[in-house]
Amino acid sequence: MIPNDTPTSQVPSRPLDSQARPGNPAAVGPRPGTPVVGAPQESTTSVWPLWEVFVRSSRGLSHVHAGSLHAPDAAMALRNARDLYTRRNEGVSIWVVPADAIAASDPDAKGSFFESPQGKDYRHATYYTKSEGVKHL
Amino acid sequence: MASQNLQPVPEALSPEEQERAAQLEAEGQAYFDRVMADDSRIEPKDWMPAAYRKTLLRQISQHAHSEIIGMQPEANWISRAPSLKRKAILMAKVQDEAGHGLYLYSAAETLGQSRDKMTDDLIAGKARYSSIFNYPALTWADMGAIGWLVDGAAICNQVPLCRASYGPYGRAMVRICKEESFHQRQGFEILLELSNGTPAQKQMAQDAVNRWYAPALMMFGPPDDDSPNSKQSMAWNIKRFSNDELRSRFVGMMVEQVRVLGLTLPDSEVRFNDETRKWEHGPLDWEEFKEVLAGRGPCNAQRLERRREAHDDGAWVREAAAAYAAKQARKHAEKEYAA
């Protein structure tokens, strides 16, 4: 016998599941004017947009990038973000941002783009060494 | 975004353009080599060698698939958990595995492959996942042995991956490792309680440890002299320790912990080698490992069928959510227009 760990009460209920059921759009067919989202059989996966998730871990701190996820809209993105990134009280507030709304600096231009602060050590307190040992300075 | 990097260079390039492309390639390689030498991190939009991208994509997607398939042996026991507390714990654990799968799919996507494509590959049986999940969880004690041995081995493997040279992978692993330690401890606790229970319960715990021990050791992958990709992965700072090194460390930890459990490891050849300062174990059945990886393990068919079924059953939910989003967007647009 092939070993199996599926409980008998959960033995696949295929025939039932493939039947029409309330709320199954595939069963009733699309309503007129409903946008067609993914062909029913081969690619049931319509590509949901990517969202970047930012979580504020506690009041007084900034939102920090936690990761990303796919969701059809902002409301679902927020719910998914809550389930995915705050299962252990990691946050008190969440932002979700469509990934393609983010403008990023060009990685190939990293040299020239961030050139300006180079050689400007005088912008740091550590540049000024003569005051060493002087209190409260 | 990142997928643009994957587009092949168009054929009809003028000599100047070809020269420029070659120059960019050389600059990219030089930058990449510097990052590797400094043990720094590569980020999604950085130039990277095609083989590095391919290796990472394969490893991260297989890792994601393992988390997703790994939900099954335990999900199958939720309805039969012995108490409400254990049921709640098991559900939290299975939910974590789903989360881990999603973190990893996100990391893989930054390399230019869509999650939908990865899902399709898994369902079509074209993608691999860890061989361990093709063994059946036969008794409640298996929930303990899976947590203690399987998640324990996973942690051993994954802690060094937090320092993997690819930024998104390392960050996903940091998050995962934090959550995994709960998994291992809850498994240990299940075994400890059974071990201190009736003789039959203790026997059940020992039986589960006996069955999961060897498959857990094989999770570290083939022996070093039979692991062709390891060397390159280590040169790329993806992998930090060899398969045998990690396996040996894991055995050492289990030797200590099994004593606390009051159980034994089903391996009479476990010993500490004073010369090499490493733990050694008895021979493992690598033929079995290859068979399971090739799809001929005890539960391969069952696992894939279940995944396919869940995907098909969820289709109407995905479609409804997308339709609702489109409807809301249209309503919103109409309101804007009217205003």
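Numbered from 1 within each chain, the chains take letters A, B, ... in sequence-line order.
Dense packing is recorded around OH of A:Tyr122, with more than 12 heavy atoms of other residues, nucleotides or ligands lying under 6.0 Å away. Within 6.0 Å of CZ in A:Arg79 there are 12 or fewer heavy atoms belonging to other residues, nucleotides or ligands. Annotation for A:Asn89: atom CG does not count as buried by contact number, only 12 or fewer foreign heavy atoms lying within 6.0 Å. Heavy-atom neighbours of A:Lys120 NZ from other residues, nucleotides or ligands within 6.0 Å: above the threshold of 12. Residue A:Glu132 places its CD atom among 12 or fewer non-hydrogen atoms of other residues, nucleotides or ligands, all under 6.0 Å distant.
Considering every non-hydrogen atom in both B:Ala325 and A:Pro72, the closest pair reads CB-O, 3.5 Å. Taking all atoms of both residues into account, the shortest heavy-atom contact from B:Lys45 to A:Ala104 is NZ-CB, 3.8 Å. When all heavy atoms of A:Tyr85 and B:Arg175 are compared, the closest pair comes out as CD2-NH1, 3.6 Å.
Contact of B:Tyr105 with chain A is not made at all, since no heavy-atom distance falls under 4.5 Å. Residue contact with chain A, scored on non-hydrogen atoms closer than 4.5 Å, involves the backbone and the side chain of B:Asp96 alike. For a residue to count as touching a neighbouring chain, one of its non-hydrogen atoms must lie under 4.5 Å from one of that chain's; by this rule B:Arg171 does not touch chain A.
Between B:Arg306 atom CZ and A:Thr6 atom OG1 the span is 8.0 Å, to the nearest 0.5 Å. Within the model, atoms NE2 of A:His70 and CG of B:Leu102 stand 9.5 Å from one another, a figure rounded to the nearest 0.5 Å.
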For residues 54-68 of chain A, which side-chain N or O atoms pair as donor and acceptor with protein atoms under 3.5 Å away, sequence neighbours left out?
| unit_1 | atom_1 | unit_2 | atom_2 | d |
| --- | --- | --- | --- | --- |
| A:Arg56 | NH1 | A:Leu61 | O | 2.5 |
| A:His63 | NE2 | A:Ser93 | OG | 2.7 |
| A:His63 | NE2 | A:Trp95 | NE1 | 3.4 |
| A:His65 | NE2 | A:Glu52 | OE1 | 2.7 |
| A:His65 | NE2 | A:Gly67 | O | 3.2 |

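In the model, B:Gln72 has no side-chain atom that pairs as donor or acceptor with a side-chain atom of A:Asp5 under 3.5 Å.
For B:Tyr103 (side chain) and A:Leu84 (main-chain N/O), a donor-acceptor pair under 3.5 Å exists by modelled atom type.
Within residues 177-185 of chain B, the residues having any heavy atom under 4.5 Å from a heavy atom of chain A are, by residue number, B:Glu179, B:Phe182.
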Q: Please assess A:Met76 against B:Tyr324 for the test side chain to side chain contact (heavy atoms under 4.5 Å, CB included), listing each intermediate value before the final yes or no.
A: CA-CA 10 Å; A:Met76 285 294 285; B:Tyr324 180 77; over 6 Å; no

